[in-house]
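Numbering of residues begins at 1 and proceeds along the displayed sequence. Since this is a predicted model, take the numbers as computed values, not measurements.
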Amino acid sequence: MPDPSQPPQPLHPLALELRVHGVHGAPPDELLGDPRTVRITGDSTAAVFRRAADVDAEAHPERYAGRPVVEAYCWSRLTSGNGARALWLLLLPFMVVNLAHWARPAAPATGPAPRAVRAYGVLVRVLALSLTLLLIAAACEVALDLLAWQCAGSGACTASGAGSWLGFMEPGRWWGQPGRRLVLGALVPAALTGLLWYLSNRTWSAYESQPPPAGAAVPAVRPAGAPALGRPGFWYGRRIVARLRAAHTAAGLLIVAAAVAVPTARHDRLAGGPVLEALGRAVEVLLAAGAVAVAWVVCRRGRTEERADHRLDRAAVTLLPGCALALLAAVLLYAGWSRPGWTSAGRLPGDFAFGALMLGQGCCVLLLAAVAVRLYRLAPDPATALYGLGGPAIAMLGCALGGVMSGGVAQRIADWLGGSAGAAGAAGAAAVAGAGGSAAPGSPVPAPPVLLSWQAAVLPPLLLVLALLAACFAVRGVLARRRLAAGVAAEYPGEPPDADRSRRIAGARAAAALTDSAPWFVAAVSGVTLLLGAGALAGAWISGQVPGEAVRGGHPLLETAARAAQDAGSWLIGVAIAAFIAWGRRAYQDPAARRTIGVLWDVGTFWPRAAHPFAPPCYAERAVPDLTWRMSGWTGRTGGRLVISGHSQGSVLAAAAVWQLPPHVRRRVALLTYGSPLRRLYGRWFPAYFGPGPLAALHADVDCWRNLWRATDPIGGPVLPGHPAAQPPEAAPAAPDGAPGPAPAPAPVTDPAADPVDRGPLADPLAYGRSARYPLPAPILGHFDYQADPAFAAERDALLARLAGPARSARRARSTAGAPPAAAAPALPAPRVSKEPAAPEGPGDPPGTGG
């Protein structure tokens with residue numbers, strides 16, 4: 001007897017295909033194959049579109065017998081919407097180190113694993129904090145050391161000429177005292193800290209602060225080892241981002257305050273009098289207390305994923321940055337006090353600051369590697385990238401990128417200021433600039449810390465290693481192409497062999513296979529970077545001179561190599577900074593260029609900001625709830641069947657959204673992925689979330705799942721390669737004219753364990769040569785245009801048929817037999833916004849929830 005509390009079901013329930021595009025995006029008319037499209041729901045940033053003829057499909061289901069209604073979810077503007085996205089280029093190192101948090105190895109939920117997972121998360125958050133400190137320290141180096149301390153204190157920079165814009169800070173004027181010059185210079189890094197806070201807060205309001213739908217995730221009681229992406233609070237990072245943003249903002253303000261207070265207090269201890277000396281010591285104590293508070297907030301707690309946590313840590317979010325700002329204001333007042341006899345000489349202690357940060361980052365990366373190795377040994381998986389060391393390798397790259405960007409800017413500005421001083425008549429400026437931008441003590445030319453020159457000098461050797469690696473991979477690709485070309489023609493029976501065509505197809509396959517070697521490329525780059533960085537730090541601290549001067553008097557070959565590396569590194573940094581600025585400017589002005597840069601964000605900002613709050617925002621925290629709402633609402637309202645089909649990065653979003661569906665909605669949903677990096681990229685680099693265990697669990701929850709892939713696709717691949725369902729490579733059935741014909745729809749199966757998930761490799765190109773059916777050469781599609789393959793429509797229709805077939809009903813009946821009544825509850829109404837009060841925090845949260 002029908003339940004009167006449920007809405008009446010139509011006699012002809014609809015079938016819906018919800019398409020999700022991948023990187024680069026696609027306009028709705030291209031996704032739907034019709035220039036007349038209508039936005040069904042959503043806004044200008046992300047929305048669901050239909051063909052204009054299908055807008056009222058729910059009112060006329062009889063029109064769609066035997067075919068689905070097609071919708072398209074377009075989300076590309078989440079990463080490439082307006083010109084402000086160009087500012088995200090400044091946040092690139094933060095994004096990379098945030099990826100390291102999610103690249104930890106998979107680990108069992110019991111035993112020593114939770115403690116190791118928490119240690120892994122703490123180390124990554126400490127590394128993320130060090131990158132913020134590095135960026136603000138570089139801004140302090142430019143504004144306080146180079147400009148306010150060295151350049152403004154030099155008569156060459158403040159004299160009439162190229163440096164006359166600093167004339168108001170000439171010694172002898174009111175702003176000429178060193179403390180007051182430092183106060184003016186501190187405004188620049190303080191403003192940069194405020195800009196980072198603003199960007200993070202603005203994106204936080206648009207992404208992480210959006211509440212998820214209530215009841216749209218798995219039940220609270222889950223079996224051990226359930227996938228992490230199905231947790232109710234996984235895509236709701238509001239609390240962690242707010243807390244980390246407060247800590248990083250406070251840390252940036254404290255760094256600025258320390259850069260002003262340390263030289264001031266040092267002067268007062270020598271000639272400032274007892275009052276100023278006492279004030280200086282009090283300021284140093286307060287700075288140390290602020291550093292301890294920041295470290296405690298960063299290390300105390302990670303993400304909470306077991307529930308949608310709506311609370312905020314008000315004390316940390318409000319008091320910590322507020323107190324740091326008040327302390328900075330007090331320090332500026334203290335430094336601005338009149339000290340007539342104070343003069344600036346030499347450099348501020350930048351060498352020690354940059355060296356300490358660099359040493360701390362190296363130690364953290366090594367500790368992170370040790371923890372990752374332990375986690376990997378607890379649950380080894382040979383398919384994991386670098387045997388569990390993928391996270392430390394990514395973290396090392398983020399630290400190197402941050403060092404090059406921050407140190408490169410400081411060195412370029414030092415060279416520019418040195419040139420200005422030379423134009424004003426500073427003797428010896430050209431000679432010092434030619435030595436890499438560093439000057440001897442007492443020189444009027446501004447000189448950056450020696451460590452920055454050593455960092456620049458290691459760039460040429462690093463690029464040489466990259467060139468050698470690229471050459472090795474190129475040789476491997478050529479050899480693989482020759483080996484594969486011999487068997488290409490046999491895959492197209494009835495076609496005359498064509499050596500050139502076979503080489504092209506084999507070349508596409510060989511190039512696509514190079515993706516599987518990317519982990520070792522990253523490992524080599526990270527390892528060489530770590531060794532060269534350690535050598536640069538040791539050389540700077542031992543010699544105290546730039547590389548060219550440190551080896552003076554040594555072997556002629558060594559001296560020549562050191563000077564060449566120093567000069568080439570300085571030149572390379574200048575070119576890189578100029579290209580970076582030009583790239584950002586073009587991205588701000590040109591939407592097409594912004595979409596190209598958006599590809600980087602599509603891959604790098606899928607994950608929530610669990611480690612660095614200033615990283616670009618996680619678009620999945622908007623896209624996944626969007627898809628979850630749409631699937632839950634539409635199936636609950638219509639009682640129809642739905643297949644969500646995702647291409648490339650869209651397949652990752654689709655899988656994440658299906659994980660968040662309640663069980664009663666999953667029974668009406670099928671998953672179709674194509675060109676999917678779920679296993680090939682995400683499974684290898686993020687095994688704790690997309691490894692074999694989580695993907696097998698997803699297949700068990702959504703047994704109506706098919707994945708299409710090609711051997712010419714450099715991104716997509718099989719998602720369950722070891723599963724018995726994976727089909728062996730075979731050619732498509734030949735048509736009468738010799739071209740591969742349409743792939744037949746597979747028959748429904750009754751055993752989920754033998755249900756084929758992967759179908760491939762699909763024939764690419766569809767035709768080997770010219771024929772009556774394909775009179776023009778068929779293109780090699782690679783990663784794109786999966787919908788042009790006949791297998792796409794065949795598999796989609798087969799999935800929809802299985803959702804309504806008797807075999808699936810019987811299978812579901814067997815799976816729910818003996819389960820509690822709630823497990824087989826009828827479909828619920830559309831989800832509502834989750835605003836229930838949070839459960840009290842306690843030991844109920846597993847330590848390994850989010851690290």
Can you name the nearest heavy-atom pair linking Pro761 to Ala711, along with the distance? CB-N, 3.7 Å
With side chain to side chain contact (heavy atoms under 4.5 Å, CB included) as the criterion, how do Tyr64 and Leu14 come out once you've worked through the C-alpha distance, each side chain's angles and the decisive distance to 0.1 Å? CA-CA 7 Å; Tyr64 299 90; Leu14 278 176; 3.9 Å; yes
Locate the shortest heavy-atom distance separating Leu762 from Ala791; write the atom from each residue and the value. CD2-CB, 4.1 Å
Parallel, tilted or perpendicular: which fits the ring planes of Trp102 and Trp607, with parallel below 30° and perpendicular above 60°? parallel
Can you tell me how far CZ of Arg125 sits from OH of Tyr120, rounded to the nearest 0.5 angstrom? 12.0 Å
Calculate, to the nearest 0.5 Å, the distance between atoms CZ and CG belonging to Arg63 and Asp56 respectively. 5.5 Å
Angle between ring planes, Phe94 versus His612, binned at 30° and 60°: parallel, tilted or perpendicular? parallel
Considering non-hydrogen atoms only, spot the tightest contact between Val624 and Ala657 and give its length. CG1-CA, 3.9 Å
Kindly indicate, with the supporting measurements, whether the criterion side chain to side chain contact (heavy atoms under 4.5 Å, CB included) is fulfilled by Val96 and Ile394. CA-CA 7 Å; Val96 175; Ile394 293 175; 3.8 Å; yes
In terms of side-chain geometry, is the basic nitrogen of Arg50 or Glu58 positioned less than 4.0 Å from the acidic oxygen of its partner? yes
Shortest non-hydrogen contact from Leu799 to Ala670? CB-CB, 4.0 Å
How far does CZ of Arg666 sit from SG of Cys704, to the nearest 0.5 angstrom? 13.0 Å
With a 4.5 Å heavy-atom cut-off, do Leu244 and Arg609 have their side chains touching? no
Tyr786 side, atom OH; Leu781 side, atom CG - distance, nearest 0.5 Å: 9.0 Å
Can you tell whether the side chains of Arg680 and Asp713 come within less than 4.0 Å, N to carboxylate O? no
I'd like to check the salt bridge (charged side-chain N to carboxylate O under 4.0 Å, His left out) partners of Glu30; sequence neighbours left out, ordered by chain and number. none
Is the shortest heavy-atom distance from the side chain of Ile644 to the side chain of Leu672 under 4.5 Å? no
Donor-acceptor under 3.5 Å (Asn707 side chain, Gly717 main chain): yes
With no hydrogens and no angle check, is any side-chain donor or acceptor of Arg19 less than 3.5 Å from a backbone partner on Glu71? no
Any idea which heavy atoms bring Ala688 and Pro105 closest together, and the distance? CB-O, 4.0 Å
Side-chain touch Ile40/Arg630, heavy atoms, less than 4.5 angstrom: yes
Yes or no on ring-ring contact (aromatic ring centres under 6.0 Å, His included) for Tyr682 and Phe606, after CA distance, side-chain angles and deciding distance? CA-CA 11 Å; Tyr682 279 80; Phe606 167 80; 5.6 Å; yes
Side chains of Arg622 and Trp235 in contact at under 4.5 Å (non-hydrogen atoms): no
Taking the side chain as C-beta and beyond, is there a heavy-atom pair between Leu627 and Leu653 under 4.5 Å? yes
Measuring only between side-chain heavy atoms, which start at C-beta, is Leu99 closer than 4.5 Å to Phe686? yes
Parallel, tilted or perpendicular for Tyr619 and Trp75, by the 30°/60° rule? parallel
Is a side-chain donor or acceptor of Ser676 paired with a backbone partner of Leu678 at a separation under 3.5 angstrom? yes
CZ (Arg802) and CH2 (Trp705) are apart, to the nearest 0.5 Å, by 13.0 Å
Under a 4.5 Å cut-off applied to non-hydrogen side-chain atoms, are Leu695 and Leu720 in contact? yes
Nearest 0.5 Å, what's the CG-CG distance between Leu671 and Leu698? 6.5 Å
Regarding Thr384 and Trp685, is there a side-chain donor-to-acceptor distance under 3.5 Å anywhere? no
Could I get the full list of salt bridge (charged side-chain N to carboxylate O under 4.0 Å, His left out) partners for Asp34, not counting sequence neighbours? Arg36
Would you check if the side chain of Arg668 reaches a backbone N or O of Gly639 as a donor-acceptor pair within less than 3.5 Å? yes
Using the side-chain contact (heavy atoms from CB on, under 4.5 Å) definition, which of the options Gln787, His647, Arg706 pairs with Phe792? Gln787
Between Asp789 and Tyr674, do the side chains contain a donor N or O and an acceptor N or O under 3.5 Å apart? no
Between Arg51 (side chain only) and Leu32 (backbone N and O only), is there a donor and an acceptor less than 3.5 Å apart? yes
Under 3.5 Å, is there a donor-acceptor pair between the side chain of Arg245 and the main chain of Pro613? no
With side chain to side chain contact (heavy atoms under 4.5 Å, CB included) as the test, would you mind laying out the steps for Ser76 and His21 before giving the verdict? CA-CA 8 Å; Ser76 60; His21 64 73; 3.8 Å; yes
Once side-chain contact (heavy atoms from CB on, under 4.5 Å) is applied, do any residues pair with Ala383, and if so which ones, sequence neighbours excluded? Asp381, Arg679
Is Asp764 reaching over with its side chain to a backbone N or O of Thr712, donor-acceptor style, under 3.5 angstrom? no
Taking all heavy atoms of Thr635 and all of Gly640, pick out the closest pair and write down the distance. CG2-O, 4.0 Å
Counting C-beta onward and ignoring hydrogens, is there a side-chain heavy-atom pair between Thr638 and Leu16 closer than 4.5 Å? no
Check the pair Val719, Asp758 against side chain to side chain contact (heavy atoms under 4.5 Å, CB included), reporting the backbone distance first and the verdict last. CA-CA 7 Å; Val719 294; Asp758 293 305; 3.3 Å; yes
Is it true that the NZ or CZ of Arg684 lies under 6.0 Å from the centre of Phe690's six-membered ring and within 45 degrees of the ring axis? no
Is Arg67 reaching over with its side chain to a backbone N or O of Ala15, donor-acceptor style, under 3.5 angstrom? no
Going by an N to O cut-off under 4.0 Å, is there a salt bridge joining Glu17 and Arg796? yes
Donor-acceptor contact below 3.5 Å, side chain Asn98 vs main chain Pro608: yes
